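Since the structure is predicted, the reported quantities are computational estimates derived from the model, not experimental observations.
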Amino acid sequence: MSDPRIETEPEAIRPLRDDIRFLGGVLGDTIRDHEGPEVFDLIERVRKEAFRIRREEVDRSAVAEMLRGVDVAVAIPLIRAFSYFVLLANLAEDLQRDRRRAVHVGAGEPPQDSSLAATYRKLDAAALDGATVADLLSDALVAPVITAHPTETRRRTVFDGQARITELMRQRGRAAEGERGALELDIRRQVLALWRTALIRLARLRIQDEIAVGLRYYELTLFDVIPAINAEVRAALRARWPGVELLPRPILRPGSWIGGDRDGNPFVTAEVVRTAAGQAASVAFERYLRELAELEKVLAQSARLVPVSERVAGLAAAGYPDRETHADEPYRRALHAIRNRLTATAVRALGSAPVHGSDVGAEPYDTPQEVLDDLDAVDESMRAAGDGLLADDRLAALRFALETFGFHLQSLDMRQNSEVHEQVVAEILAWAGVHADYASLPEDERVALLAAELRTRRPLLGPHAALSEKTTQELGIVRAAAEVIATFGAEAVPNYIISMCTSVSDMLEAALLLKEAGILDPGGPSSSPVGIVPLFETIEDLAAGATTLAAALDVPVYRELVAGAGMRQEVMLGYSDSNKDGGYLAANWALYRAELELVDVARKTGIRLRLFHGRGGTVGRGGGRSYDAILAQPAGAVRGALRLTEQGEVIAAKYAEPRAAHRNLESLIAGTLESTLLDVEGLGPDAEPAYELMDELAARARAAYAALVHDEPGFVEYFRQSTPVAEVGDLNIGSRPASRKPTSSVSDLRAIPWVMAWSQARVMLPGWYGTGTALEEWVSGDPDRLAVLTDLYHRWPFFRTVLSNLAQVLAKSDLAIAERYAELVSDTALRDRIFGMIRDEHARTIRMHAAVTGNDHLLADNASLAESIHNRFPYLEPLNQMQVELLRRLRAGDDQELVKRGILLTMNGLATALRNSG
């Protein structure tokens, strides 16, 4: 399957093309050897036609005709072939990106991620005052939060095979000509293993599997990379502002939703919460104990040669008391004593000793700080003796890891929908005799009732309360969170997120559940180690978010809770539902406006606002380059603190490999520091006119989007028939159901299948629809108005990022392929009307993007993506065409298992190729 293209290859991309040719040849040989020449010849004919289509040498129908009526038993290996070629092409692109970064080749494009070195230069040039920096960074936090939202279509086995081939290809690239033979044989072996591996799961993932997958990234990269970055950033900032204690806590502290997010996921139970927290802690304890065991081997200095402090001598007395061979090795014995105590701590918390535990029976530590105190004593003694070089190695890494991860490893967020809270609280209040029909109360009476209950320590329920299964489960989950906090510390469960939060009572209902579980203490001034986090998701809720927060802060008992948390209030912003509700441009502007207003509330009320961004992998769900997205926030919205979700295939892309993890985490910190300490908005006195202009553009875009998605008769039926949305739920990519409710309504459909279905059909509608109309209507042929937009594009990071992300989506769309999907719609008039609207808006949006930006093609500012599309997209053609063919057969009544499986395989291959499936 080598690529016969004859285009002239620039020298910079020749290694990429060579890698693709080599890997394609290996895959082709494997297919010929194991599927037979007839299957291989069909795949080759289809592949060649796909490239001819890209070169516009033949009509698109050529491939469709070749695949029409193909036997499904032959279709399966054909689909698998193109899916695996795309996967191998992705691998080659990743290697090329590494090469480009190593030699600073960029073909004139900006770097994909900002480096901290560049950020430090900007800070140095700004000549900032140390006291100001200390204040802005006093609560510094950058928290990537891994979520259970499924979009990663690759099985772990496939993922691991790809990783092995990647490493072998790296070695091949460095090897001398005579050394390549053995490596290439091993690559062939790994490709064969992949070919013999099923691409899709036969059973849906359990939430326990998702927990394990999320935690494996710590062993792969995060346990080493995060503490190292924390140490480097702290040292760099303190060196710039000596005498100022900057970053008293590590800035990077990761989180997770897996096992705590029960919004629409019935599989999250109290036992799952305990499992999620316990397995995370187990990963931490096992790593600490392993490192201590290794340090005992390394730090074997003799007391005859090295003086030690009194503190270390005291620790040493408790280590290896019956081992004369270590009698004059105080550091080894001190570390063994620490390992004994940490083993006892793990046994108390987890119920059993981890693999590298030592003698049980020592006194457990109560907090991670106690372990750090002992390790710090070892560090100080070594430095005093002139052994700082040794202390700076594994001992320093362990100390930073403990400071970063504690006993809990990652913070587990709790999340539930406000509707569920209302039902549960209503039942509790009725059972307790407080109010028989809480749900019937107006908002002000609800707030008064809840505030009164939050003033008393009296529990509402006794041990024998007879409650519904739902309420019993919800209370059990919150009580399990209380157990986790008691066992692993307050940072183990720091946040309770309220989905679809629309009112003060929604926030107080969550507080009441925390009180009933014993987490929130109403005594004195009320306090809680768990912060209440409203999640504003729809366009309307985002618009009302600041008003809701201000009203909550006016309730004395709630303000006391915020005061008890150091006046810190976190607010989460929902990218997915706002986009599905109002379309791309309206949602992005609603989020920006909400941030502006929340920053204003924070200034007026004296709270420290922390924003949590619910971003997905695709642009339709808030995706795009993280660094650019951070710089596109309004002034005051970051202020040293940033949390954002990482989902699905994005997690693997960013954090599965150490260099990628380091680069991506650095970019998050770089963006956070620049947004906090520098003026990056770029509008100055022109801000308000720009905001008013965006208000108008967003309103026009939302109206255009609503006219199609919400108002056009038959749109839902068109969506259901012209995309594989019904089949997305069968893909077995996660434990969570595809819909919140058993309904076909767009509003109840989760954002992942909504976005993924449009992506599969190559429409990408959630990432652009409505924007072209908004721009065209506002400009209305006036060159002066167009110049205003062009000026904003160059000056305003927000507007530039919006248009750049939109261009990425449009570049991945293909309306000619989308038209093939539209042919699946049985009602001809409906098909022509809806697809006509989509086609016209698509052309309008591309035209207006070019007019505003001045770019002659969509990816003028993203050469790497342009090259990626050039390399990979011919291989999407057969996958899309085969998916349409199999969908047609299925909907005509051919319900063979292989037909269904073939559709799922095409979905897997397309998701892999597009690299941001949902």
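- Under a 4.0 Å N-O distance rule, the pair Asp328/Arg333 does not qualify as a salt bridge.
- Val533 places none of its side-chain heavy atoms less than 4.5 Å from the side chain of Val571.
- Residues meeting the side-chain hydrogen bond (donor to acceptor under 3.5 Å, both in side chains) test with Glu380, sequence neighbours left out: none.
- Residues Leu390 and Leu395 fail the side-chain proximity criterion, which asks for heavy atoms closer than 4.5 Å.
- Scanning all heavy atoms of the two residues, the minimum distance from Ala480 to Ala270 falls at CB-O, 3.6 Å.
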- request: Using the side chain to side chain donor-acceptor pair (under 3.5 Å) rule, take Gln410 and Tyr218 through it: C-alpha gap first, then chi angles, then the decisive distance, then the call.
  value: CA-CA 10 Å; Gln410 59 184 7; Tyr218 285 88; 2.9 Å; yes

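- Shown here are the ring-ring contact (aromatic ring centres under 6.0 Å, His included) partners of Phe285, two or more places apart in sequence or in another chain: Phe407.
- For the pair Glu219 and Arg287, the minimum side-chain heavy-atom distance is below 4.5 Å.
- Every side-chain hydrogen bond (donor to acceptor under 3.5 Å, both in side chains) that Thr132 has, sequence neighbours left out, goes to Asp129.
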- prompt: Could you walk me through whether Glu674 and Thr119 pass the side chain to side chain donor-acceptor pair (under 3.5 Å) check?
  reply: CA-CA 7 Å; Glu674 290 178 36; Thr119 296; 2.6 Å; yes

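- Every salt bridge (Lys or Arg N to Asp or Glu O under 4.0 Å) that Asp379 has, sequence neighbours left out, goes to Arg383, Arg399.
- Every residue meeting the ring-ring contact (aromatic ring centres under 6.0 Å, His included) condition with Tyr496, not counting sequence neighbours, appears here in chain and number order: His421.
- Identified under the salt bridge (charged side-chain N to carboxylate O under 4.0 Å, His left out) test for residues 484-493, with sequence neighbours left out: Arg249-Glu491, Arg253-Glu491.
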query: Yes or no on side chain to side chain donor-acceptor pair (under 3.5 Å) for Arg174 and Gln171, after CA distance, side-chain angles and deciding distance?
result: CA-CA 5 Å; Arg174 297 190 297 263; Gln171 294 176 30; 5.8 Å; no

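- Within the structure, the salt bridge (charged side-chain N to carboxylate O under 4.0 Å, His left out) test picks out the following pairs touching residues 236-245 (sequence neighbours left out): Asp124-Arg240.
- Between Phe223 and Phe405, the angle of the ring planes lies from 30° to 60°, which puts this pair in the tilted group.
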List, one per line, each side-chain donor-acceptor pair under 3.5 Å for residues 137-144, sequence neighbours excluded.
residue : atom : partner : partner atom : Å
Ser138  : OG   : Asp135  : O            : 3.0
Ser138  : OG   : Arg608  : NH2          : 3.1
Asp139  : OD1  : Arg568  : NE           : 3.4
Asp139  : OD1  : Arg568  : NH2          : 3.3
Asp139  : OD2  : Arg568  : NE           : 2.7
Asp139  : OD2  : Arg610  : NH2          : 3.3

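- Checked against side-chain hydrogen bond (donor to acceptor under 3.5 Å, both in side chains), Thr672 has no partners two or more places apart in sequence or in another chain.
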- request: Determine, stepwise, if the pair Ser309 / Arg311 fulfils side chain to side chain donor-acceptor pair (under 3.5 Å).
  value: CA-CA 5 Å; Ser309 67; Arg311 177 77 185 279; over 6 Å; no

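- Proximity of Ser626 to Asn664: side-chain heavy atoms (C-beta onward) are nowhere separated by under 4.5 Å.
- Remark: Tyr655 engages no residue in a ring-ring contact (aromatic ring centres under 6.0 Å, His included) (not counting sequence neighbours).
- With sequence neighbours left out, the ring-ring contact (aromatic ring centres under 6.0 Å, His included) criterion links Tyr120 to no other residue.
- Applying the salt bridge (Lys or Arg N to Asp or Glu O under 4.0 Å) criterion to Arg216, with sequence neighbours excluded, gives Asp160.
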